[in-house]
Chemist: 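First the structure, then my questions, so here it is.
Lettering of chains follows the sequences in order, A, B, ..., and the numbering in each one begins at 1.
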There are 2 protein chains.
Amino acid sequence: MTGGSRVSLRHVAELAGVSVATASRVMSDSSHPVSGSTRDRVLSAAESLGFEPNRLARALVTARSQTIGVIVHDISDPYFGDIVKGLEDGIHASDYRLFVASSDRDPEKELNYVRAFQAQQVDALVFAASGLNDPTYERDLTALVERYRRAGGVAVVLSDHSLAAPRVRFDNRGALTEMVAYLAERGHRRVAYITGPPELAVCEVRFGGYRAAVKDLGLDADEALVEDGRFTLRGGGEAVATLLGRTDFTAVLAANDLMAIGATRELVVRGVAVPGSVSVAGLDDIAIAEYGPVPLTTMRLPTYELGQRGASLLLRILDGQEPDDQLIVGEIIERESVTSAPV
Amino acid sequence: MTGGSRVSLRHVAELAGVSVATASRVMSDSSHPVSGSTRDRVLSAAESLGFEPNRLARALVTARSQTIGVIVHDISDPYFGDIVKGLEDGIHASDYRLFVASSDRDPEKELNYVRAFQAQQVDALVFAASGLNDPTYERDLTALVERYRRAGGVAVVLSDHSLAAPRVRFDNRGALTEMVAYLAERGHRRVAYITGPPELAVCEVRFGGYRAAVKDLGLDADEALVEDGRFTLRGGGEAVATLLGRTDFTAVLAANDLMAIGATRELVVRGVAVPGSVSVAGLDDIAIAEYGPVPLTTMRLPTYELGQRGASLLLRILDGQEPDDQLIVGEIIERESVTSAPV
DNA sequence: GACGACAGTCAAATCGTTTCCACAGAGGGT
DNA sequence: ACCCTCTGTGGAAACGATTTGACTGTCGTC
């Protein structure tokens, strides 16, 4: 916003015939008393000039920018889009603005965004992106956030992350063990697992849940049953294709819905009936889960709600209250892609 | 960021034994000359203190905040998510940050966001959200943006919008006429149309394209053939259901892929074969278009690219160059949901 | 009638930068 | 010897708000 004719508080004050101090008090409805008549004069002056207070200047003196920085892996992924929407709706009434940044799971990029947000004086940092398995990243991030916190900043985590901070997150481990149990109850003993990018903390946690359940329930624990699907539609299809060529199974469980849908399509195209020959289950319950090649049985992880609860946690902390970590557990949505194992 | 121990340029200057002015010059690598030795001293002082310049203070004096406000209808919709990602990638190298706001198609909310962004001193405003058919909204928005522009701001439009501003957009009208022609070539004479929310300018434009093509090609122009699907999966299903009960047709064309997928599923559930009995075509080519109940024939509208080109248009304008409006035309992606009309 | 409390106002300091201006010294050209 | 340019530096004035402290009245109370 270079040049031009910005109207400042001084202009308003002059037009209203009062000091800048008084004008400020009425515009920011401070507790300091102002007489009704001058208040009206200032208000109408502001109105006629189209005055809008400069929040940068205000932030400079109050040391509160009323902005929040959010870091996600990929804003074009509806999983994150939903979270951001929940966050936005949650903080909207409190007059905060949201910066968003997509890190593309690149540790370097993510650290840079954190630095940039700090330079931008955000009041809080939200890590909606999962942690990354990278020692230098974890070390640098911890140091950065520690410094940020000492300077008065607030950080919150909405995923599985090594960062020590107040958090609200999904019970990812529990979600996976529950899905495996669900499959096991239906007679599946060889359940293939399509995992996401191994560098993501969330994938490790989910995979851990799968492994634990397989062991506890005495199912076949076979390395050949797991394959990386990169969290994408195409990756899911490719993963199931290599699984098909490598071993046999009666069910496949994917670490997210996108991969489950990709796998379903690949199976159908290859002529293996879903759920007739192979059952498929996902995780997340994204909007299109019901509209894939076969309506997907999955577990609902309420992303929008995660965002909302993250927002209220944040607001409580900014308000000086004690943070309380929260855990959101999923709920199985039964549709058509899972059935009992063939005997 | 209240309290705490922010380190400012003054601290750096003191530690380095120079004036604030000099410290500023080296930190913001100004063109003003600084000797190599003092530069090193300042740099190492900054390093050891962990100094990060306060961009708010900088913005206040330079009248450049290096931030951009983006307005979308719904950030959880991948259509907008893609655009935002393209924008972000496009401006990232130029050291701009992005504010995003979801207006939910609410005129009041959208105007408030515009005001908030202006108060936040954003250097540019991006309207990725389509215009809304609401006279007061259009008038107020125009006034707001006009004032913003006089104050040195830049506005850019990435959709169909009544706002007069530099723009890059999809050829929505052409997209629809082309899709209708594609269907007509295959012998369809009664093509049903599922439209989006009527208050959206983009829907009007798309619908206009459909109507014009139907007329030009001499197809059946029947009011009973069009129904609102609200741009959603569920809405698409409901729309095709009412269409089915009201009239007959051999093809349905939806104003976006989500509705096309919803319609396809509804048809399949009801036992009408796609494309055997009814062909279905969409618009956008979102990622899951290929993974629906039937792989969808649609027109690719490159949203990510729209965002990127929007970013570069913006940067050119901010750089003082002359804006050039751009039009992006789609490309038909033939998959399996469309076939020739039964005779 | 004196005193304190309080409403109402303003001038000035402050936040952390950038930038304008002044100034000193070095060096080069005539 | 003179002038001019150029490098390198610091002081101080911005930018646009909030907030502190001081100052004037007015009113009620004892």
Chemist: Between A:E146 and A:R149, is the closest basic N to carboxylate O distance under 4.0 Å?
Modeler: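 Result for this pair is yes, salt bridge flagged.
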Chemist: Charged N to carboxylate O below 4.0 Å: is that the case for B:R105 and B:D74?
Modeler: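 Salt bridge: no.
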Chemist: Between B:E52 (CD) and C:dT17 (C1'), how many Å, whole number?
Modeler: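 One finds 14 Å between C1' of C:dT17 and CD of B:E52, rounded.
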Chemist: Looking at B:E322, I'd like to know if its CD atom is crowded, meaning that more than 12 non-hydrogen atoms belonging to other residues, nucleotides or ligands lie closer than 6.0 Å.
Modeler: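 No, because the 6.0 Å sphere around CD of B:E322 holds 12 heavy atoms or fewer from other groups.
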Chemist: Just N and O in the side chain of A:T38: are any of them under 4.0 Å from OP1 or OP2 of C:dT9?
Modeler: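 Looking at the OP1 and OP2 atoms of C:dT9, one of them is under 4.0 Å from a side-chain N or O of A:T38.
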Chemist: With respect to the side chain of A:V34, which nucleotide from D:dT18, C:dT9, C:dT19 is positioned closest?
Modeler: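 Of all the options, the side chain of A:V34 is nearest to C:dT9.
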Chemist: Measuring from the side chain of B:A57 (C-beta onward, heavy atoms only), which nucleotide among C:dT17, D:dT9, D:dG16 has the closest atom?
Modeler: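 Among the listed nucleotides, the one closest to the side chain of B:A57 is C:dT17.
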Chemist: Within this structure, what is the CZ-to-C1' distance between A:R58 and D:dT19, rounded to whole angstrom?
Modeler: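 Nearest whole value for this atom pair: 13 Å.
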Chemist: Classify the nucleic acid contact of A:P53 as base, sugar-phosphate or nothing, counting any heavy atom under 4.0 Å across all strands shown.
Modeler: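 If one applies the 4.0 Å heavy-atom cut-off, A:P53 turns out to touch the sugar-phosphate alone, with no base involved.
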Chemist: Touch check for B:R10, heavy atoms < 4.0 angstrom, all strands: base, sugar-phosphate only, or nothing?
Modeler: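 Result for B:R10 = nothing.
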Chemist: Could you pull out all residues at least two apart from A:Y137 that satisfy ring pair (Phe, Tyr, Trp, His ring centres under 6.0 Å)?
Modeler: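 Counting only residues at least two positions away or on another chain, A:Y137 forms no ring pair (Phe, Tyr, Trp, His ring centres under 6.0 Å).
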Chemist: Write down the distance between CG (A:N54) and P (D:dA14), rounded to a whole number of angstrom.
Modeler: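 That distance rounds to 18 Å.
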Chemist: May I ask you to check whether B:H73 and B:F80 place their ring centres under 6.0 Å from each other?
Modeler: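 Yes - the distance between ring centres of B:F80 and B:H73 falls below the 6.0 Å cut-off.
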Chemist: With the side chain of A:A21 defined as its heavy atoms from C-beta on, choose the nearest nucleotide among C:dT19, C:dT9, C:dC10.
Modeler: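 Among the listed nucleotides, the one closest to the side chain of A:A21 is C:dC10.
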Chemist: By nearest atom, which of the nucleotides D:dG11, C:dT18, C:dC10 is closest to the B:S19 side chain?
Modeler: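 Of the options given, the side chain of B:S19 lies nearest D:dG11.
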Chemist: In terms of side-chain geometry, is the basic nitrogen of A:D123 or A:R97 positioned less than 4.0 Å from the acidic oxygen of its partner?
Modeler: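 So A:D123 does not pair with A:R97 through a salt bridge.
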Chemist: So for the helix from C:dG1-D:dC30 to C:dT30-D:dA1, with five pairs setting each end axis, what is the inter-axis angle to 10°?
Modeler: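 Nearest ten degrees gives 50° for this helix.
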Chemist: Does the D:dG10 base have a donor-acceptor partner in the side chain of B:R25 within less than 3.5 Å?
Modeler: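 Indeed there is one.
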